[in-house]
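These notes concern the structure reproduced below.
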Amino acid sequence: MPELWAGTDAGKAEHHCTVIDTEGKRRKITTNALSILTAVIMLREVQVPDGVTDTLRAALAEERDRWHRQVGEATRHFTDRAQEFIFTFRGPIGVLWMRYCGTARMVWISDRTEETRLRHLLEITEHFHTLFFGSRWRLRSRVRAMGELQRLMSVIEEEGRPPLPQSRTAPAVEV
């Protein structure tokens with residue numbers, strides 16, 4: 001039986017009680033991870049070829065826009081809702097969850113090339129999905145996914161840092 005939570009927002013003029021199904025949240029997060037994976041694959045594989053009719057060009061461009069929005073919405077949902085799982089995944093695994101949510105969003109909104117953003121998102125989301133939503137009995141693949149996810153996020157974070165300024169000798173101050 002799914003675990004249910006109920007809560008009200010006391011800061012509102014009207015009070016409504018919302019029942020939250022933790023399995024429903026889990027399904028939404030799984031759906032978002034799969035949305036990222038499928039949209040990223042489609043964006044990488046489906047290009048607008050030269051020499052097609054204007055009708056087909058417009059249709060493919062519209063599909064690509066839709067896939068871009070799909071990735072944007074899914075990564076936004078991760079960052080907006082990540083805190084809902086902070087007590088579900090406690091300790092280092094919870095930190096890894098939060099780190100993935102932030103990294104995925106920052107990669108998507110970064111000024112990296114589209115190919116780099118798509119590659120990074122595909123890599124980290126595959127490992128994220130295996131780690132958090134893979135079969136419980138496949139412990140070895142989940143442990144491997146955790147290590148690879150941590151490694152990839154470290155590479156991405158290091159790549160995204162601006163270069164450090166070179167140190168210079170401070171000018172003498174006259175008194």
Side-chain angles (χ1 to χ4, degrees), residues 5 7 9 11 18 20-48 60-136 138-139 141-167:
W5 294 82
D9 188 348
T18 305
I20 300 169
D21 171 7
T22 56
E23 281 302 310
K25 282 185 190 178
R26 183 180 174 92
R27 279 191 299 273
K28 178 65 176 166
I29 297 295
T30 302
T31 300
N32 281 335
L34 292 174
S35 289
I36 291 172
L37 288 173
T38 56
V40 164
I41 289 168
M42 296 303 284
L43 285 165
R44 290 182 80 184
E45 300 299 323
V46 178
Q47 302 298 320
V48 180
L60 288 173
E62 187 176 311
E63 286 299 300
R64 291 184 58 78
D65 287 344
R66 185 173 62 85
W67 296 326
H68 277 105
R69 285 191 309 274
Q70 185 176 333
V71 174
E73 290 167 9
T75 58
R76 187 177 309 111
H77 185 271
F78 274 142
T79 56
D80 291 349
R81 303 286 185 210
Q83 74 279 3
E84 294 175 4
F85 277 88
I86 196 66
F87 294 114
T88 303
F89 301 109
R90 294 174 190 227
I93 197 84
V95 171
L96 189 58
W97 175 282
M98 298 293 286
R99 187 174 169 203
Y100 165 81
C101 293
T103 301
R105 183 65 183 164
M106 292 302 108
V107 163
W108 185 245
I109 64 174
S110 73
D111 60 358
R112 293 173 172 96
T113 66
E114 180 169 298
E115 180 54 38
T116 300
R117 290 183 302 144
L118 296 174
R119 180 174 41 85
H120 284 329
L121 277 175
L122 183 61
E123 291 172 344
I124 64 173
T125 304
E126 285 174 332
H127 294 298
F128 171 82
H129 191 270
T130 299
L131 175 60
F132 288 97
F133 305 109
S135 298
R136 299 263 183 234
R138 298 200 57 182
L139 183 61
S141 66
R142 293 177 75 206
V143 168
R144 196 173 320 121
M146 183 167 69
E148 194 59 17
L149 179 59
Q150 290 172 323
R151 185 189 71 73
L152 287 168
M153 287 193 303
S154 292
V155 167
I156 290 167
E157 290 161 0
E158 188 62 36
E159 172 187 288
R161 287 195 180 104
L164 295 173
Q166 293 189 359
S167 60

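Worth knowing before you read on, the calculation uses all heavy atoms, side chains too, and leaves out hydrogens, waters and symmetry mates.
Between Phe78 and Phe128, the ring planes lie perpendicular to each other; the angle is over 60°, past the 30° to 60° tilted range.
Counting only heavy atoms from C-beta outward, the side chains of Arg112 and Ile156 approach each other to under 4.5 Å. In this structure, the side chains of Leu152 and His127 come closer than 4.5 Å at one or more pairs of heavy atoms. Inter-residue side-chain proximity for Thr103 and His120 is flagged as unmet; no heavy-atom pair is nearer than 4.5 Å. Within the 4.5 Å cutoff, the side chain of Phe133 has no heavy atoms near those of the Leu34 side chain. By the 4.5 Å heavy-atom criterion applied to side chains, Arg66 and Gln70 are counted as neighbours. Residues Thr116 and Glu159 are in side-chain contact: their nearest non-hydrogen atoms beyond the backbone lie under 4.5 Å apart. Contact of the Thr125 side chain with the Tyr100 side chain is registered, since non-hydrogen atoms from C-beta on lie closer than 4.5 Å.
Open room surrounds CG on Asp111; 12 or fewer heavy atoms of other groups in view lie less than 6.0 Å from it.
One finds the CD atom of Glu126 at 11.5 Å from the CG atom of Leu149 (value rounded to the nearest 0.5 Å). Annotation: the span from Met153 atom CE to Glu148 atom CD amounts to 11.0 Å, rounded to 0.5 Å. Taking CD1 of Ile93 as the reference point, atom CZ of Arg99 lies at 12.0 Å (rounded to 0.5 Å).
Taking both residues in full, the closest heavy atoms of Leu121 and Val40 are given as CB-CG2, 4.1 Å, listed atom of the first, atom of the second, then distance. Looking at every heavy atom in both residues, Ala74 comes nearest to Ile36 through CB-CG1, 3.6 Å. The shortest non-hydrogen separation linking Ser141 to Thr130 is O-CG2, 3.9 Å. Nearest heavy atom pair, residue Arg142 against residue Ser135, reads CD-O, 3.3 Å.
At a cut-off of 3.5 Å, with distance as the only test, no side-chain donor of Arg119 or Thr113 sits close to an acceptor on the other residue.
Checked against Thr79 for a side-chain contact (heavy atoms from CB on, under 4.5 Å), the options Met106, Met98, Arg105 give a single hit: Arg105.
Between Arg76 and Glu73, none of the side-chain N atoms (NZ, or NE/NH1/NH2) sits under 4.0 Å from a carboxylate O, so this pair counts as no salt bridge.
Not counting sequence neighbours, the partners of Arg64 by the side chain to side chain donor-acceptor pair (under 3.5 Å) test are Glu114.
With ring centers used as reference points, His68 lies under 6.0 Å from Trp108.
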